Amino acid sequence: MLRSYAQLARLPNVFTALADVTMGYLFTHRDGEFELVYWVLAVASAALYTAGMVLNDVFDYELDRVERPERPLPRGEISLATAQYLGFGLLAFGLVCGWLAGAAGSNFRLVPGQIATMLVVAILLYDKLLKATPVGPLAMGACRMLNVLLGMSGGSNLSDSSTWLVALGIGIYITGLTWFARTEAVRSSRPMLIAATAVLAAGVAWLGHVTKLEPYALEQARLWPWLWLVLGGSIVYRFGWAIADPEPWRVQQAVKNGIMSLVVLDAAVAFSAAGHAATAILLLLVPAVFLGRWLYST
């Protein structure tokens, strides 16, 4: 039973949401100190992401009975009513935590709660209305962008353009990844996969462009573009493997790799601002990869 709930929540992917919010936090807390506001935002992020995954299957129940009958809801391992209570309950809990984060510091701030509210709206719009439309990938990219901004809201009024540029880079990457995964249940169109890969590669390139090493690492700054070139190349290579033969299992494996690669991207961005504190993000790969051996991520 626990496995069914973990599968419904896409438990391995929750750690990628934590990577996003942690990167956002470290980008605006360059001393690398994890204050109370971070922990409240991390709980909010995990709850909202899990809610989105659960409600995704709730709204896709009839479709999954045909295309993905092995999932927990079509198999009857978890009732539809239970999943609805769980999904909306987590959504409400995450929203409350977002607003509580505004009171976790010395001064009450509205920004964390406002970002959490926008994220809730974006999740519902994607899951219920936009997922199957042409703007579905953009909506999912917006969800991830807001998750990064949620982390940033703990230490910034978001007036610095660099915060928005970094969040936008993650949004572009996820837009391409979501587009790539749109037809993962059947043999995919090769031109669509190529176009989606170009979008996610643009997201990686954008992140490399808008980040730079701080003065403490000036000696390594000249290597920074090469790091992003190697990182981007390793990610795109995996998608090229699926493009060469776009069978469902290859596409699904590429998507899984792309989701896990998000943790590495987040760590690289965080390193540019907070140095070795970014190691905390890389550690999230351990449970994500371990759990990913037994639970699907797509």
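If you're wondering where the values come from, they're calculated on a predicted model, not measured in any experiment. Residues: numbered from 1 along the sequence shown.
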Drop me the distance from I243's CD1 to M192's CE, to the nearest 0.5 angstrom.
-> 9.5 Å

Neighbour count above 12 (heavy atom, 6.0 Å) for Y237 OH | no

Tightest non-hydrogen contact, residues R71 and N56, listed as NH1-ND2, 4.4 Å

Specify the closest pair of heavy atoms between A278 and A267, including all atoms of both residues, with the distance to one decimal.
-> CB-O, 3.4 Å

Could you go through the side chain to side chain contact (heavy atoms under 4.5 Å, CB included) check for L26 and I281 one step at a time?
-> CA-CA 10 Å; L26 288 176; I281 297 177; 4.2 Å; yes

In Å, rounded to the nearest 0.5 Å, how long is the span from CG of L80 to OH of Y61?
-> 6.0 Å

If you round to the nearest 0.5 Å, how far is CZ of R144 from CG of L119?
-> 10.5 Å

Any donor-acceptor N/O pair, N147 side chain to A17 backbone, under 3.5 Å = yes

Go through the steps for V255 and L177 under the test side chain to side chain contact (heavy atoms under 4.5 Å, CB included), then give the verdict.
-> CA-CA 7 Å; V255 171; L177 182 60; 4.3 Å; yes

Given the rule that I, L, V, M, F, W and Y join up when any side-chain heavy atoms are under 4.5 Å apart, are L125 and L55 in one cluster?
-> no

What is the minimum heavy-atom distance between L8 and P72, and which atoms define it?
-> N-CG, 4.1 Å

Report whether W179 and L138 are members of the same hydrophobic cluster (ILVMFWY, side-chain heavy atoms less than 4.5 Å apart, transitive linking).
-> no

Decide yes or no for M260 and N13: does some side-chain heavy atom of the first lie under 4.5 Å from some side-chain heavy atom of the second?
-> yes

To the nearest 0.5 Å, atom CH2 of W228 lies from atom CD1 of I235 at 8.0 Å

Identify the heavy atoms of R182 and P137 that sit nearest to each other, and give their distance.
-> NH1-CD, 3.6 Å

Is any side-chain heavy atom of R68 closer than 4.5 Å to a side-chain heavy atom of P74?
-> no

May I ask whether F34 and L41 are part of the same hydrophobic cluster, defined by side-chain heavy atoms of I, L, V, M, F, W, Y residues being less than 4.5 angstrom apart, directly or through others?
-> yes

Consider only side-chain N and O atoms of R238 and S261, and report whether a donor and an acceptor are under 3.5 Å apart.
-> yes

Straight-line distance of T22 OG1 to F15 CZ, nearest 0.5 Å | 11.5 Å

For residues V148 and V21, determine if any side-chain heavy atom of one lies less than 4.5 Å from a side-chain heavy atom of the other.
-> no

Is there a donor in the side chain of S272 and an acceptor in the side chain of W224, or the other way round, less than 3.5 Å apart?
-> no

Ignoring hydrogens and angles, state whether a donor on the side chain of T16 or Y49 is under 3.5 Å from an acceptor on the partner side chain.
-> no

Report the C-alpha separation of Y5 and E77 in whole Å, then their side-chain angles, then the decisive distance to 0.1 Å, and conclude whether the side chain to side chain contact (heavy atoms under 4.5 Å, CB included) test is met.
-> CA-CA 9 Å; Y5 279 99; E77 296 170 349; over 6 Å; no

S153 side chain to L150 main-chain N or O, any donor-acceptor pair under 3.5 Å?
-> yes

Could you pull out the closest heavy-atom pair between T50 and A9, with the gap in Å?
-> CG2-CB, 3.5 Å

Do E247 and R250 sit within salt-bridge range, that is, some charged N less than 4.0 Å from a carboxylate O?
-> no

Pairwise side-chain contact, I174 with L262, heavy-atom cut-off 4.5 Å (strictly under) = yes

Determine the minimum heavy-atom distance between V269 and M23, stating which atoms define it.
-> CG1-SD, 3.6 Å

Do L285 and Y173 belong to the same hydrophobic cluster, where Ile, Leu, Val, Met, Phe, Trp and Tyr are linked whenever their side-chain heavy atoms lie under 4.5 Å apart, directly or via other members?
-> yes

State whether R190 and D245 are salt-bridged, where the test is any N-O pair (Lys NZ or Arg NE/NH1/NH2 against Asp/Glu carboxylate O) under 4.0 Å.
-> no

Give the ring-plane orientation class for Y38 versus Y25, where under 30° counts as parallel, over 60° as perpendicular and anything between as tilted.
-> tilted

Is V43 linked to V120 within one hydrophobic cluster, defined over Ile, Leu, Val, Met, Phe, Trp and Tyr using a side-chain heavy-atom separation of less than 4.5 Å?
-> no

Give a yes or no on whether the backbone of L130 and the side-chain of T133 come within a donor-acceptor separation of less than 3.5 Å.
-> yes

Aromatic centroids of W164 and W206 separated by under 6.0 Å = no

Test item: T178 and Y126 side chains (from C-beta on) under 4.5 Å apart, heavy atoms | yes

With a 4.5 Å limit on heavy-atom distance, are the side chains of M140 and T175 in contact?
-> no

Stepwise side chain to side chain contact (heavy atoms under 4.5 Å, CB included) check, H276 with F271 | CA-CA 6 Å; H276 296 294; F271 180 77; 4.1 Å; yes

Heavy atoms, side chains only, cut-off 4.5 Å: are L90 and L48 in contact?
-> no

State the CG-CD1 distance between L207 and I170, to the nearest 0.5 angstrom.
-> 4.5 Å

Side chains of W241 and Q253 in contact at under 4.5 Å (non-hydrogen atoms) = yes

Does a salt bridge link K131 with D60, judged by any charged N lying under 4.0 Å from a carboxylate O?
-> yes

